[in-house]
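The structure appears below as structure tokens.
In each ligand, atom 1 is the first atom listed, and ligand 1 is the first ligand listed. Residue indices begin at 1 and follow the sequence shown.
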Amino acid sequence: MIVPTLNEAGNIDPLLTRLSALDLPEGSFEVIFVDDGSCDGTPEKVREWENCGNIRLIERREKPDLTRSILAGAGAARGDVIVVMDADLSHPPEQLPALIAPILDGSHDVAVGSRYVPGGSTEGWPLHRQWLSRLGSWLARPLCDINDATSGFFAFRRELSGTVAERAGGYKILLELLMAGQGKLRVVEVPICFRDRIHGASKLSFSHQWTYLRRLMTLAGGTVSVGRAGRFAAAGLFGVFVDALLFQWLLSSGAGLALAHILSFFVAASVSYSLNFKWSFHLNHEGYLRWPQFGRFLTVGLFALLMRGGVLALLVHGWHMPPLLAIFPAIGATAAVIYMGLVFYVFPVKQNPPSLDVRWRVASFGIVAFAVMLRLIYMGMAQLIPDEAYYWNYAQHMDLSFFDHPPMVAWLIWFGTSIFGDNEFGVRIGAFICGLITMGYLYALSRNLYDKSTGIRAVLLLTVLPLGFVTATLMTPDAPLMATWAATLYYMERALIADQRWAWLGMGIAFGLGILSKYTLGLLGLAALLFVVIDPGLRRWLCRPEPYLAAALALTLFSPVIAWNMENDWASIMYQSQRATGIGNKFSLHLLFFHMLLVLTPVGFVAAFMALVVRNDERAVNPLIRRRRLFMQVFTIAPLAVFFWLSLFGWPKFHWTAPVWLAILPAMGWMLGQTDHWSKVASRLRAAWKPTIGICMFLYGLALHYVVLGIPGIPYVGFSEHYFWRETTREVERLAAEVAQQTGKKPLIVGMSKWSVASSLSFYNDKSEPLDIRGRNMFLQSAAMYDFWYPSEPPTDRPIILFGMKTHQLEHDIDGNDNITPLLVQPGPIRELKIEREGKPLRGIYYRVAQGYLGLPATDSQVR
Ligand code: GDD
Ligand code: MN
């Protein structure tokens, strides 16, 4: 037992008294006190006990240091197992036997007395110490999978002390020990109850905490000192100055926000680059970065820039801050991104780099954090796409279910907008949260199928691939679908493979909420049935009550949809099953493949394919591992097969397969981290992931910046006829006011697409002067929920304005029948309304004004 001491005189007697009361077998242990020059008589106190036999004292004469003291003690120790314990009775000696048991019986290499596992606790510590300690162990968690990495009470085999780094010092010896094992140690956490000391004072200082933080960064692969801190800061400050000054000058000379911030960024970055890299970094002999490093530096800068646009937009457009003030927090955010990029990516540590596994973890944390921040910043700034606006209209007509989708999307929007108001953020917050839930369940699933590292990498892939990024950004039924799909898979695995009965309850709930999100989730039920039938060991579940109870629970949750359908002639169910069972015979399998490439990227597509079919023989012998593989295969292939079949007959939608890949992402994440080159293709694939991740993230950032602030030099063309409804609605309102003034009557506004035009106009319409907006069902064309919201419109002599994104929408239906003009009074010609932003063309919208509406013949008034 090693007890480091520094001025602990008052604690020696009580400690040794309690230790001897333990009745440990004589001669089976020794207590080594390592003192660092205490001046309160601690060594003398220990000496009083020395003749008891197994108590020794080492007095160090060097600079006091906790880690060095413990290592000195370990060097002098005679036993095979070493326990480290504080002298101040914070660690109850009574818990010693429980701590060493796992080492003595040979089952583990390190046992940690842990406050942060069930059964562990901390008593008497002031709140700030508790938080600091939690923060410390929380920061170390991604590196070493231990809940209490800062514990000072632990046991290990003596030979391990030789592995601790030469330069290690301070309070973090346990972390050093764990990291030196490169993840190969068998570690167990034993719950302990930590009590604050009664005698003396703590020696933990701010500088210890600071070194701990720096050491954590180094262990994670970051270079902590990138040269001279003072000069670095000076160059940075000068950069901030140049940036802000130039930004202001550009703005005042008429440049837009985007142009001003991008130009000033590039100039400031070049200035501080040339200052920094001549002065303060360790570089090659010419004093510049080598090309690969320069490329990395540019990449980091680009990402920082794309995020900064969002921060600026949020502050200036969202919170109405003056731009000159807003540029400072924006620069701050940029600096944080650049700093982390420099430390971990441009200048990673060269000596003793962390293992590949740790490097992937660190990269994953960084990239995922960046992606989540990007979403959070831009989410409320990017205008809604028409689909989101349509679902917002759902939420304005709350119901048990809806015609084209079950109700979850509406419920989430209702919830978000009642907290944050009727704005983009309120609409999308539900999708954002669903994204986090998806990540959580995917992590847990992958950890159960493989290990924690795989879980982290699977979440990385989910975050960067379009299937995960887009569904977590836009508020469509796919957002809750992804979350519940991941949750269902998680509980399925727990129920069917880990044999946990409670998991059936979770599954019933996840499944029920899932079909409330999108009917597609039902495919997982099919997959589950298939899995149980294929695997003989699982068939017994068919005669047990749990699966049926789970199904009943799911059905109960689904009952609102059934109730709605009963009230509405089964309209929704009919519509969906019509869509699913061979509408037409248009062979579209090639399209499905194209869509799979879109949601997965080409590299992801190949990786998913390999993860599905290639087996790593060595792992395939273990029956449990085989069952896990089968699980992933069945739950991917079964739903996929249905989509294959459907696209033999009709058009697939591009996002159909998005959730399907959740089941195979764990295997993809696992492959990503394998170092043994069990296949040439696999190692090529690993190399290809890096640019794929970079390109995906870049494109998301670019797209968000483009729609929110624009990219100088790139006009808004093409897709924008479906977008930018805020500006469009302003023009529509202006036109409506004009017509009202001319005729003296408030016009009726009709959206002449299925639902896009009407929904988007409703969302962006100024709520204090609402327009009367209707759907195209006024003209014998189906308009989804508008058929239900406005089933029939009486004839009127109010003026009416028809709006369409294409001219043909104002002329005839898809079959070419003009059933529009005959219903209008004095229909005018089709005109285009040009929409601009800051004097530049944004898009157009077509309209047609008439002086009245004749109404539908009575027999035709119910059209779907
Ligand atoms: N030899 C030697 N040299 N011993 C030292 C030194 C030193 O420089 N500094 C502290 N010690 C001894 C103390 O005498 C005590 O026995 C033990 O190390 C722990 O020191 P405390 O000063 O009591 O630390 P603490 O209670 O604030 O911190 C505890 O909790 C931390 C986690 O939050 C300790 O258990 C830490 O190890 C732990 O990291
Ligand atoms: Mn203490």
Side-chain angles (χ1 to χ4, degrees), residues 1-16 19 31-43 45-46 56-76 83-93 95 99 112-116 120-141 144 146-155 168-178 189 192-213 215-216:
M1 239 181 103
I2 300 176
V3 184
T5 55
L6 187 60
N7 298 332
E8 301 287 359
N11 289 314
I12 305 298
D13 288 346
L15 174 68
L16 289 172
L19 257 180
V31 184
I32 304 179
F33 285 90
V34 188
D35 191 75
D36 256 344
S38 301
C39 46
D40 68 341
T42 306
K45 273 277 177 212
V46 174
R56 293 204 276 154
L57 173 67
I58 298 177
E59 290 186 81
R60 276 177 20 106
R61 295 271 166 257
E62 286 142 71
K63 195 168 151 248
D65 184 273
L66 186 53
T67 292
R68 309 286 356 147
S69 302
I70 292 168
L71 290 176
V83 184
V84 178
M85 186 174 171
D86 290 356
D88 57 0
L89 289 161
S90 284
H91 305 136
Q95 283 169 323
L99 185 73
V112 181
S114 177
R115 294 160 287 186
Y116 308 131
S121 63
T122 308
E123 276 171 26
W125 248 10
L127 220 54
H128 78 275
R129 277 283 334 232
Q130 290 203 33
W131 283 354
L132 269 179
S133 157
R134 279 204 179 262
L135 184 71
S137 34
W138 187 75
L139 285 173
R141 231 178 257 194
C144 62
I146 291 292
N147 292 306
D148 193 353
T150 60
S151 174
F153 190 29
F154 51 95
Y171 265 59
K172 58 214 177 307
I173 176 153
L174 174 62
L175 183 70
E176 298 286 347
L177 203 69
L178 295 172
E189 286 184 88
I192 61 153
C193 170
F194 182 101
R195 281 192 195 85
D196 196 17
R197 57 164 74 233
I198 298 170
H199 305 285
S202 166
K203 282 94 202 168
L204 184 77
S205 68
F206 178 73
S207 95
H208 286 128
Q209 294 164 25
W210 181 238
T211 33
Y212 174 76
L213 213 64
R215 185 66 186 148
L216 269 184

Below 4.0 Å from ligand 1: does a non-hydrogen atom of [X] turn up there or not?
X: R68; value: no
X: R60; value: no
X: Q209; value: no

(request) May I ask you to identify the nearest protein heavy atom to atom 35 (O) of ligand 1, giving residue, atom name and distance to one decimal place in Å? (result)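 The closest heavy atom on the protein side is D86 OD2, 2.5 Å.
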
(request) Considering only non-hydrogen protein atoms, determine which one is nearest to atom 28 (O) of ligand 1 and report residue, atom name and distance to 0.1 Å. (result)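 Of every protein heavy atom, R129 NH2, 3.6 Å lies nearest to atom 28 (O) of ligand 1.
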
(request) Using a strict cut-off of 4.0 Å, indicate which atoms of ligand 1 neighbour a heavy atom of H91. (result)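 Once the distances to H91 are compared, the set is 35 (O).
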
(message) Heavy atom to atom 15 (C) of ligand 1, shortest distance: which of E62, K203, E8 holds it?
(response)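 Looking at heavy atoms only, the winner is E8.
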
(message) Nearest non-hydrogen contact with atom 36 (C) of ligand 1 belongs to which option: Y171, W125, F33?
(response)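 It is Y171 whose heavy atom sits nearest to atom 36 (C) of ligand 1.
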
(request) Determine, stepwise, if the pair E176 / R215 fulfils side-chain contact (heavy atoms from CB on, under 4.5 Å). (result) CA-CA 9 Å; E176 298 286 347; R215 185 66 186 148; 2.5 Å; yes

(message) Please check: side-chain N/O of E59 versus main-chain N/O of P43, any donor-acceptor pairing under 3.5 Å?
(response)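 No: the side chain of E59 does not pair with the backbone of P43.
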
(request) Would you check if the side chain of S133 reaches a backbone N or O of R129 as a donor-acceptor pair within less than 3.5 Å? (result)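 A pair under 3.5 Å: no.
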
(request) Measure distances from the Mn ion (ligand 2) and count the protein N, O or S atoms below 2.8 Å. (result)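 With waters ignored, the protein N/O/S count below 2.8 Å is 1.
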
